[in-house]
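To start, the structure itself, in structure tokens.
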Amino acid sequence: MSLLKKVQDLAGTEPVQAALVLGSGLGHLAETVDGVSIPYDGLEGFPHAGVSGHNPKLVIGTLSGARVAILGGRAHYYESGDSGVMRPPLDLMRDLGAEILLLTNAAGSFRPDIPPGDLMLLSDHINFSGKNPLIGEQTDARFVNMTDAYDPALRAALTEAARAEGVVLKEGVYAWYSGPSFETPAEIRAIHRLGADAVGMSTVPEVILARFLGLRTAAISTITNMAAGMSDEAISHEHTKQMAPVGAAKLERVLRRYLATLASQ
Ligand code: HPA
């Protein structure tokens, strides 16, 4: 049986309006969906998301009136060395009818005006890893136009949702660093000079894949720390997991408000 059929047998065939990928410490939103929950283990090709703080299940149902599919956990390039590891889940999102993909992540900030606990809407990215999930793709569709990869209309709608919720949502450029080690202070100074405002270990390969698949994409970071060398606080995964819920509560409100607007369109 195809993966799509298997999932539709469980969740129904009604097309989903938006797909979401939840980053470190942001899994709570999936718990509030009225629908079905399918562990990644039962889904062929899905990664065994092995990072603590992630919740590896697919949830399909209704959230704020919109039909959504939520990927509760992502696999990262640094887990396997495969930057295309999220392709099967994203293929499925498109097959389920999603036209919009909203990505979330935890990130370190370079900007004192976007401190830990704040949210940053991605305006663009810098692929500092040099890896690309489309390497090996044979069709000409691999030459993806990445101008406006972070969809301007979606960004405007998310900015409006944040305003309506009274949540400060700044915009900035996200740099993808492969991880899993954190960056050195010298690397952070270098990436900052290249034009990035925040750094993290995810999202960029998924945005490249999403654009390849024709999905409209937007991404929001919850800032968990100032980047290496920019503050005295010690950077660690424990700290990321502790800090992610601070921004996550605001992020949930913004996403819910946005989905309610989408549902009413
Ligand atoms: N660097 C990379 N990834 C991150 C960071 C960071 O400082 N904070 C949260 N994820």
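As the structure lists them, so they are numbered: ligands from 1, and atoms in each ligand from 1.
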Item to check | Option with minimal heavy-atom separation from atom 7 (O) of ligand 1, where the choices are Asn105, Ile191, Thr222, Asn225 | outcome: Asn225
Checklist entry - Which atoms of ligand 1 have any heavy atom of Thr224 under 4.0 Å away? => result 8 (N), 9 (C)
Item to check | Shortest protein heavy-atom distance from atom 10 (N) of ligand 1, along with the residue and atom involved | outcome: Ala106 O, 3.3 Å
Checklist entry - Taking C-beta and beyond as the side chain, do Arg74 and Leu103 meet within less than 4.5 Å on heavy atoms? => result yes
Checklist entry - With a 4.0 Å cut-off, would you call Glu31 and Lys57 a salt bridge? => result yes
Item to check | Aromatic centroids of His125 and Tyr150 separated by under 6.0 Å | outcome: yes
Checklist entry - Backbone, side chain, both or neither: what part of Ala228 comes under 4.0 angstrom of ligand 1, heavy atoms only? => result neither
Checklist entry - For Tyr177, is the nearest heavy atom under 4.0 Å from an atom of ligand 1? => result no
Checklist outcome for this item: Heavy-atom proximity to atom 5 (C) of ligand 1 ranks first, among Ser202, Gly108, Pro116, Ser221, for Gly108
Checklist entry - Checking side-chain contact (heavy atoms from CB on, under 4.5 Å) for the pair Glu206/Val21: CA distance, chi angles, key distance, verdict? => result CA-CA 9 Å; Glu206 291 133 65; Val21 178; 3.9 Å; yes
Checklist entry - Is the closest basic N to carboxylate O distance between Glu183 and Arg189 below 4.0 Å? => result no
Checklist entry - Does an N or O anywhere in Thr240 fall below 3.5 Å from an N or O of ligand 1? => result no
